[in-house]
Amino acid sequence: MIPYGRQTISEEDIQAVVDILRSDYLTQGPTVPAFEKAVSRYCGSKYAVAVNSATSALHISCLVLGVKPGDIVWTSPITFVASANCALYCGATVDFVDIDPRTYNISLDLLTSKLEKAKRDGNLPKVVIPVHLAGQPCDMMGIHALSKQYGFKIIEDASHAIGGKYRGEPIGNCHYSNITVFSFHPVKIITTGEGGMAMTNDAKIANQLTRLRSHGITRVPQEMTHLPDGPWYYQQIELGFNYRMTDFQAALGLSQLHRIDEFVTKRHAIAKRYNELLSDLWVTTPWQHPDSYSGMHLYIIRLKRAEINFSHKELFERLRSNAILVNLHYIPIYRHPYFESKGFNRKDFPEAEAYYAEAMTLPIYPTLTEEEQIEVVERLKSPIGHQNLF
Ligand SMILES: *Cc1c(COP(=O)(O)O)cnc(C)c1O
């Protein structure tokens, strides 16, 4: 079986986790702050707040940026549902901006025209969540300029993109956003099992994120309504959650972080090899913007449907029946029944619809071998009721 993605765990990673299991703190010890500091240093952000998933990070990021009932949040339709659900958790409504046909990220032109219309109609978004699909960064300078013009805030959903660069600088430095969120789910670039992190350069945002991940509780006297009743004292000053990461997860993350550049380099080598192996086939290989260095979380091809006489679905079935677990990232969010019932119209997202009819994620992860890659490509090429390829 060849999955589309999987973790790479070393003996050092295992030892790092075991060391924590033998230590005094399984959670709320020194390793979470050490991991936060290391990721923050790696990405060039001032602050980092580790949580138990990227979904949690997106949720409390929306809350900190003031998303509440009556507000509107925009994101891409081609992303995991978590990028949209975070707005709904806050009681806001969500809307989508169609994708760019080359990068499959949110389209800057369509974002611009949608903002112009929203301004006229009086329904501008409070927050826009650009998603760096497959690890390729969005046009952040453009989105940032629009945020100044139209007054919205930005959360980068960089769940695919840690280890990547935008205009030569690490993704996660938040130069063009208020908050950047990473995921450490096992299929992502580095893992903590489950886990996520919110990066920011704003001390107030970092402080509130930290409070919200632990019930809205503060132990800082200056934040309290009156002086502490005694040394035991703390106050809950807002409604938060238990979104904390454990120390053994942070130890795994810290250990994985040592190899992040090696992981991303390997992913790029695999992508390059796919590009060569697929060069004369009926597929479009992933286009890379010259200003960016992708985290290369996913390798997404698109079928040139006019050149083939079998369907997208047949090809998926063929590969999957041969234990090659190709995938489709993603079903456009508005197609899910939960979202469909909110009245979205597929006709409003022609690029996302075309993408959904043609996209396929091929296996990519650091330990994928050359032989396995050749097998994937051979299986892809093998005929499904068409002879002209051989
Ligand atoms: C994986 C992913 C998430 C959610 O990450 P979790 O850590 O599993 O909560 C959110 N957005 C995108 C784009 C993702 O790929």
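Every value quoted in this text rests on a predicted model; they were computed, and no experiment measured them. Both counts, for ligands and for their atoms, begin at 1 and track the order of listing. Values below: every heavy atom of this structure, side chains too, minus hydrogens, waters and symmetry copies.
- Looking at residues two or more places apart in sequence or on another chain, you find no side chain to side chain donor-acceptor pair (under 3.5 Å) involving N201.
- Under the rule for a salt bridge (Lys or Arg N to Asp or Glu O under 4.0 Å), the partners of R211 that lie at least two apart in sequence or sit in another chain are E223, E238.
- For K117, the side-chain contact (heavy atoms from CB on, under 4.5 Å) partners at least two apart in sequence or on another chain are R120, D121.
- Residues Y166 and H175 place their aromatic rings such that the two centres sit no closer than 6.0 Å.
- If you look at Y233 and H226, their ring centroids are closer than 6.0 Å.
- Contact residues of ligand 1 (protein heavy atom closer than 4.0 angstrom to a ligand atom; sorted by chain and number): S53, A54, T55, T79, F80, A82, S83, V131, D157, S159, H160, S183, K188, G195, Y330.
- Taken to the nearest 0.5 Å, the OH atom of Y293 stands 6.5 Å off from the NZ atom of K165.
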